[in-house]
Number of protein chains: 2
Amino acid sequence: MKERKKITLYEIAQLAGTSKSTVSRVLMNQAGVSPETRRKIEQIMRESGYHPNQMARGLAGGRTGMIAVVTPGIFSGYYAEILKGVDVVASQHDVHVISSFARGEDDYPDMIDRFSQPGQVDGMILVAPRMKVFKQRAPRTIVPIVLVGSYAPDNGWDRMDRVVLNNAGAMNELLDHVRQQGCRRLLHLTGLANVYDFAERRRAFEEYLLLHPTLQGTVLSGGETRAQAREALDRHLDEQPESFDAVIACNDDMAMGALQALRGRGIQTPEDVVVTGCDDEPAAEILGLTTLHMPMVELGEEATRLLFERRAQKQISPVARQSIVQMALVVRSTSMRKPAVPV
Amino acid sequence: MKERKKITLYEIAQLAGTSKSTVSRVLMNQAGVSPETRRKIEQIMRESGYHPNQMARGLAGGRTGMIAVVTPGIFSGYYAEILKGVDVVASQHDVHVISSFARGEDDYPDMIDRFSQPGQVDGMILVAPRMKVFKQRAPRTIVPIVLVGSYAPDNGWDRMDRVVLNNAGAMNELLDHVRQQGCRRLLHLTGLANVYDFAERRRAFEEYLLLHPTLQGTVLSGGETRAQAREALDRHLDEQPESFDAVIACNDDMAMGALQALRGRGIQTPEDVVVTGCDDEPAAEILGLTTLHMPMVELGEEATRLLFERRAQKQISPVARQSIVQMALVVRSTSMRKPAVPV
DNA sequence: CTGAAAGCGCTTACAG
DNA sequence: CTGAAAGCGCTTACAG
């Protein structure tokens, strides 16, 4: 039944015995079309399997029907879940999602530049951009931008909507728990310094130590990948064995590297050393890793909601919105010293 | 230095003291422009921060500069890696990647239909489409399609390029290894029957049994998710305890579910039961899960290469290409009975 | 409620 | 090697 020839809005108008204008109105869901005409046009569109040419719509109407999600090149598996959340909301608006991986941190500004030009996308979501991006003034673009898990300095970036995590609060809760497990010498395994969330978590860790003088704390830089985290901890164990009784990693991936390092030396978890992560990646559950749960799909959805709200505004608003997504402590076996719960 | 007013090809032509045609030629990388003129235009484009309007290019030239990747709604984390591979190759061609998650298997045909209309994308990659998609004849579309990890029945789908895995060969290697570990009663934990790769692996499992009469084999359906796999194995253990000494799961996720079920009953791995997966997801390494390694980024890259080769062809070619990606056995602790190797 | 016309910013023959 | 003109398929005032 479906036409194979490419069919245009003009053809639909012909078949309906009306004009392009009217067909366009029903396509745009605009008022001012008689119910009867509308019904007829809708039926013809359906029967003919008509899909409007996106490129033409974009050019004529100034709306591309696309948004871009830019993620760092190196990623934890959870970026896929954020992407899925974005897709859920975007598809409700009949908008496609362009996914781009930044190649190095220098690539970020270029991508922003490119996407903020007219005729590219209707908006962009920047996931965990590296701090370096913010060295330059924020582009004064008509294309709305939403930041996810990100810094927002006052050289213009603070005008943008953003979705952030309650890093400090969640970290506090986590450290309270670790302390209750009897740990006193805490090692914070941090990641790249230019990742905003990592910096926040580190700061929360250090502030917690100030408030709890009975605790001893160290910060160890674990590099970028799981393997690097493992190596870093290995070296640390060579130099200062038994110097800590808890590893607080800045994310699950690094926590897993830590687990490997400990296991390799026969150090028991959680008996000798408690280990915690952050993110609650799929693998965390399996490993019994205590972590902070981040609702990743939600994160993507919320960012996209902000984007569409912004897009819907007629004029530029002076209000920047910020959504704070709560992470929740998930206690599992890597930190559970007291009662042995069956898995 | 950067212009904020939107700048068009026409402006570039003005600045260069030439015509739109000539500017378009350098944009399209076409021959027939004096080196001097080309250099000048390129410089002006760079200085003005010009990016051509994609919508206009798409409408005028018939090339959208986008390709779509459609993935199933429920996904293992590894789809993100495929997406990354796609992005790597696509960006070399200055093409953007639209990522779409199919909402249920009925959504697949609709998406294919929509994307294959003109003015949408220049090509599409279908990742692990459910078998149901192939019930209907393949669309006779000008938009090239590449199938990844997929069936290709002869009702038109066999005209398409595809990237597949050496499921049977790899499964054989895996089963040889399991047999060498002393296992004789094998339980195959399979996933949704409508996933091509799962069906292939199951077939390979059954054929292996036919060739090795000393082995005993069972196939257990593990549902769709890790949790379901765990439950399925739990029920099986209730009904027929100690009926197997190896679990051969159709992917890592289900293998992890199996590990949970076994652990919950105090059954030792690999001493009592050997467990294997497939895919080599990030979590597999941590868990010490024996699996078949799938080079996921490569898979995405190869699919995209096929797509661009097809796009470059002037006329429709009668040749359908098939790339077979080799999976390799990765032996880890869940199947290593003989020598205890240090992790 | 409806239609004719202009125009979005490019590419692509075509003519020179 | 270069330019003028047509046209891609829509949306958007504008006029009725």
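Excluded from the calculations below are hydrogen atoms, water molecules and symmetry mates; all remaining heavy atoms, backbone and side chain alike, are included. All chains are named by letter (A, B, ...) in the order of the sequence lines, taking the proteins before the strands, and each is independently numbered beginning at 1. The model shown is predicted, which means the values in this text are computed figures rather than measured ones.
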Kindly say if [X] contacts the phosphate of [N], meaning a side-chain N or O under 4.0 Å from OP1 or OP2.
{"X": "A:Thr22", "N": "C:dT2", "result": "no"}
{"X": "A:Thr18", "N": "C:dG3", "result": "yes"}
{"X": "A:Tyr50", "N": "D:dC10", "result": "yes"}
{"X": "A:Tyr10", "N": "D:dG7", "result": "no"}
{"X": "A:Thr37", "N": "C:dT2", "result": "yes"}
{"X": "B:Ser24", "N": "C:dT11", "result": "yes"}
{"X": "B:Ser21", "N": "D:dA4", "result": "no"}

Legend entry - A:Arg57 side chain, from C-beta outward: closest of C:dC1, D:dC10, C:dT11: D:dC10

Describe the nucleic acid contact of [X] in one word from base, sugar-phosphate, nothing, applying a heavy-atom distance below 4.0 Å.
{"X": "B:Gly32", "result": "base"}
{"X": "B:Gln30", "result": "sugar-phosphate"}
{"X": "A:Met28", "result": "sugar-phosphate"}

Non-hydrogen side-chain atoms of [X] and [Y] separated by less than 4.5 Å:
{"X": "B:Lys132", "Y": "B:Asp106", "answer": "yes"}
{"X": "A:Val70", "Y": "A:Tyr108", "answer": "yes"}
{"X": "A:Val97", "Y": "A:Met66", "answer": "no"}

Inset, instruction - First locate atom CG of A:Asn29, then atom CZ of A:Arg38, and finally report the distance between them rounded to the nearest 0.5 Å. - result: 6.5 Å

Inset, instruction - Identify, between B:Gly61 and B:Arg38, the residue whose nearest nucleotide on DNA chain D lies closer to the 5' end. - result: B:Arg38

Can you check the [X] [atom1] to [N] [atom2] distance for me, whole Å?
{"X": "B:Arg25", "N": "C:dT12", "atom1": "CZ", "atom2": "C1'", "answer": "9 Å"}
{"X": "B:Lys20", "N": "C:dT11", "atom1": "NZ", "atom2": "C1'", "answer": "9 Å"}
{"X": "A:Gln120", "N": "C:dG9", "atom1": "CD", "atom2": "C1'", "answer": "12 Å"}
{"X": "B:Leu59", "N": "D:dG9", "atom1": "CG", "atom2": "P", "answer": "7 Å"}
{"X": "A:Asn53", "N": "C:dG9", "atom1": "CG", "atom2": "C1'", "answer": "14 Å"}
{"X": "B:Ile12", "N": "C:dC10", "atom1": "CD1", "atom2": "P", "answer": "9 Å"}
{"X": "A:Ile41", "N": "C:dG3", "atom1": "CD1", "atom2": "C1'", "answer": "12 Å"}
{"X": "A:Gln54", "N": "C:dC8", "atom1": "CD", "atom2": "C1'", "answer": "15 Å"}

Inset, instruction - Give none if D:dT2 has no partner; otherwise give the nucleotide forming a Watson-Crick or G-U wobble pair with it, both distances under 3.5 Å. - result: C:dA15

Legend entry - Heavy-atom closest contact (A:Val33 atom, A:Gln30 atom, distance): CG2-O, 4.3 Å

Inset, instruction - Would you kindly say whether B:Thr304 and B:Glu301 are connected by a side-chain donor-acceptor distance under 3.5 Å? - result: no

